[in-house]
Amino acid sequence: MPIASTDFAIETRQLRKEFNGRTAVRGLSLTVNRGEIFGFLGPNGAGKSTSIKMLLGLVRPSGGEAFVLGAPIGDVAVRQRIGFLPEDFRFYDWLTATELLELHGRLAGMPDDKARARSPQMLDVVGMTQHAQRRVKGFSKGMLQRLGLAQALIHEPDIIFLDEPTSGLDPMGRRMVRDVIRAERDRGATIFLNSHLLSEIEVTCDRVAFIKDGEVIANQNLKESALASSQRVMVRAANVSPEAIARLALWTADLEQQGDELTFDVDSTDVLPDIVRFLVGAGADVFQISPQPTSLEDVFVRIVGEDKGL
């Protein structure tokens with residue numbers, strides 16, 4: 001029988017899913033550490049939603065292995081320790097916000113008295129206290145999103161799957177979600193986050209994985225990786241010889257030249273004085289040098305590729 005490592009909140013080994021001969025997830029292998037905020041990134045149709053459904057035990061894999069909190073996926077006891085906010089959710093709209101949270105607390109195995117005590121606490125966390133006794137039917141998209149986050153956290157889960165958690169939220173709502181996610185991590189929970197808002201992922205996650213065609217093609221530690229230190233640099237200079245351009249490869253990567261503008265990546269801005277001295281020594285006239293931090297969007301496009309509209 002396959003054995004899971006106790007070091008990981010999630011571990012998959014060549015996880016695969018096929019639908020009627022079509023491969024949705026080709027061979028997903030990844031690990032998510034306990035207590036981290038993990039971003040799951042990829043283009044539309046990459047297999048992200050199917051992967052999440054398999055991890056939750058909602059879809060049966062066609063092959064491979066997967067473990068959540070050290071147990072095989074679908075384990076009933078582990079399911080009670082999972083919180084989930086799907087991208088497209090539907091609530092019983094005749095219930096009030098309080099009644100809905102109490103219901104989800106009981107569904108997660110909470111005693112009635114604890115579910116009643118936690119409901120007002122969670123409504124306060126997501127800024128919905130004033131709507132506690134309103135029926136869900138009259139809620140806006142943003143209010144439903146806040147309530148959905150509260151129901152995912154009502155039972156203090158050990159691992160939380162959030163699929164597009166900031167959908168429909170204004171900037172203050174998105175900030176609230178970031179604060180809640182960080183608070184859950186500080187509590188010791190693991191957060192598995194899927195979002196198309198790369199700017200939100202960049203400021204929230206500890207680590208990300210890039211998935212394409214149902215496979216992980218790269219991992220990135222956002223705190224320690226090249227994303228934290230790598231810089232895109234623009235230099236405006238005249239009279240730069242082809243020989244000087246070739247020599248710049250000693251310090252740079254992905255160099256592009258358009259007229260008098262050179263753009264390239266460097267591992268650290270510490271090398272920029274050396275580059276300027278070299279260009280001046282090679283007879284170039286340097287007018288401007290502008291470092292620009294590499295964004296997660298830049299890295300995403302570089303790793304995953306341009307959107308082809310598929």
Side-chain angles (χ1 to χ4, degrees), residues 14 26-33 36-48 193-310:
Q14 293 298 311
R26 191 173 306 279
L28 186 72
S29 296
L30 60 80
T31 57
V32 178
N33 299 317
E36 77 173 341
I37 305 174
F38 185 88
F40 198 49
L41 308 179
N44 293 331
K48 301 189 300 299
L193 178 59
N194 174 36
S195 175
H196 285 99
L197 292 177
L198 297 184
S199 59
E200 294 291 324
I201 292 285
E202 187 170 353
V203 298
T204 305
C205 291
D206 302 308
R207 194 162 59 93
V208 299
F210 298 89
I211 179 175
K212 185 176 183 180
D213 297 328
E215 295 180 292
V216 173
I217 58 174
N219 290 276
Q220 197 92 41
N221 187 317
L222 300 188
K223 308 305 179 185
E224 301 174 359
S225 69
L227 181 59
S229 59
S230 177
Q231 297 274 322
R232 189 72 175 168
V233 178
M234 187 279 289
V235 173
R236 190 164 63 87
N239 303 318
V240 183
S241 68
E243 293 78 10
I245 294 292
R247 287 287 302 279
L248 282 175
L250 294 173
W251 297 281
T252 68
D254 295 328
L255 189 148
E256 299 175 2
Q257 181 178 21
Q258 290 186 347
D260 288 348
E261 287 191 1
L262 305 174
T263 55
F264 48 81
D265 292 334
V266 293
D267 290 335
S268 170
T269 54
D270 293 343
V271 303
L272 296 184
D274 293 333
I275 291 175
V276 173
R277 281 191 289 267
F278 164 73
L279 288 172
V280 172
D285 300 316
V286 179
F287 301 105
Q288 180 183 357
I289 182 165
S290 302
Q292 301 170 332
T294 302
S295 70
L296 184 59
E297 181 177 336
D298 296 330
V299 176
F300 181 92
V301 172
R302 192 179 309 156
I303 291 175
V304 175
E306 297 285 353
D307 184 2
K308 305 299 183 183
L310 299 178

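What you see is a predicted model; the values in this text were computed from it and never measured. One is the number of the first residue; the rest follow in order along the sequence.
Remark: Asn219 engages Arg207, Ala209, Val216 in a side chain to side chain contact (heavy atoms under 4.5 Å, CB included) (not counting sequence neighbours). Residues passing the salt bridge (Lys or Arg N to Asp or Glu O under 4.0 Å) test with Arg277 are Asp274, sequence neighbours excluded. With sequence neighbours excluded, the residues forming a side chain to side chain contact (heavy atoms under 4.5 Å, CB included) with Asp254 are Arg232, Asp265, Arg302, listed by chain and number. Qualifying side chain to side chain donor-acceptor pair (under 3.5 Å) partners for Asp213, counting only residues two or more places apart in sequence or in other chains: none. Partners of Glu215 according to the side chain to side chain donor-acceptor pair (under 3.5 Å) rule, which considers only residues two or more places apart in sequence or in another chain, do not exist here. Here Asp285 pairs with Asn239 under the side chain to side chain donor-acceptor pair (under 3.5 Å) rule; sequence neighbours left out. The side chain to side chain contact (heavy atoms under 4.5 Å, CB included) test applied to Gln258 returns no partner, not counting sequence neighbours. Applying the side chain to side chain donor-acceptor pair (under 3.5 Å) rule to Gln257 yields no partners; only residues at least two apart in sequence or on another chain are considered. Residues forming a side chain to side chain contact (heavy atoms under 4.5 Å, CB included) with Ser290 (at least two apart in sequence, or on another chain): Met234, Gln288.
To the nearest 0.5 Å, atom CG of residue Leu279 and atom CG of residue Leu262 are 7.0 Å apart. Interatomic distance, Phe40 CZ to Ile201 CD1, rounded to the nearest 0.5 Å: 11.5 Å. With rounding to the nearest 0.5 Å, the separation of CD in Gln220 from CZ in Phe300 is 12.5 Å. Taking CD1 of Ile217 as the start and CD1 of Ile211 as the end, the distance is 9.0 Å to the nearest 0.5 Å.
Each of Leu296, Ile37, Val203 was compared with Leu222 under the side-chain contact (heavy atoms from CB on, under 4.5 Å) criterion, and only Leu296 meets it.
Pairs engaging residues 237-259 under the ring-ring contact (aromatic ring centres under 6.0 Å, His included) rule: Trp251-Phe278 [sequence neighbours left out]. Applying the salt bridge (charged side-chain N to carboxylate O under 4.0 Å, His left out) rule to pairs touching residues 233-248 yields nothing, sequence neighbours excluded. Among residue pairs with one or both ends in residues 256-275, none qualify as ring-ring contact (aromatic ring centres under 6.0 Å, His included); sequence neighbours excluded.
Here the shortest heavy-atom pairing between Leu198 and Ser195 reads CD2-O, 4.4 Å. A pairwise comparison of heavy atoms in Pro43 and Val304 identifies CD-CG1, 3.4 Å as the closest pair.
Between the side chain of Glu36 and the backbone N or O of Asn33, at least one donor-acceptor pair lies under 3.5 Å.
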Just do the side-chain contact (heavy atoms from CB on, under 4.5 Å) check on Ile275 and Thr252 with the steps written out, would you? CA-CA 9 Å; Ile275 291 175; Thr252 68; 4.0 Å; yes
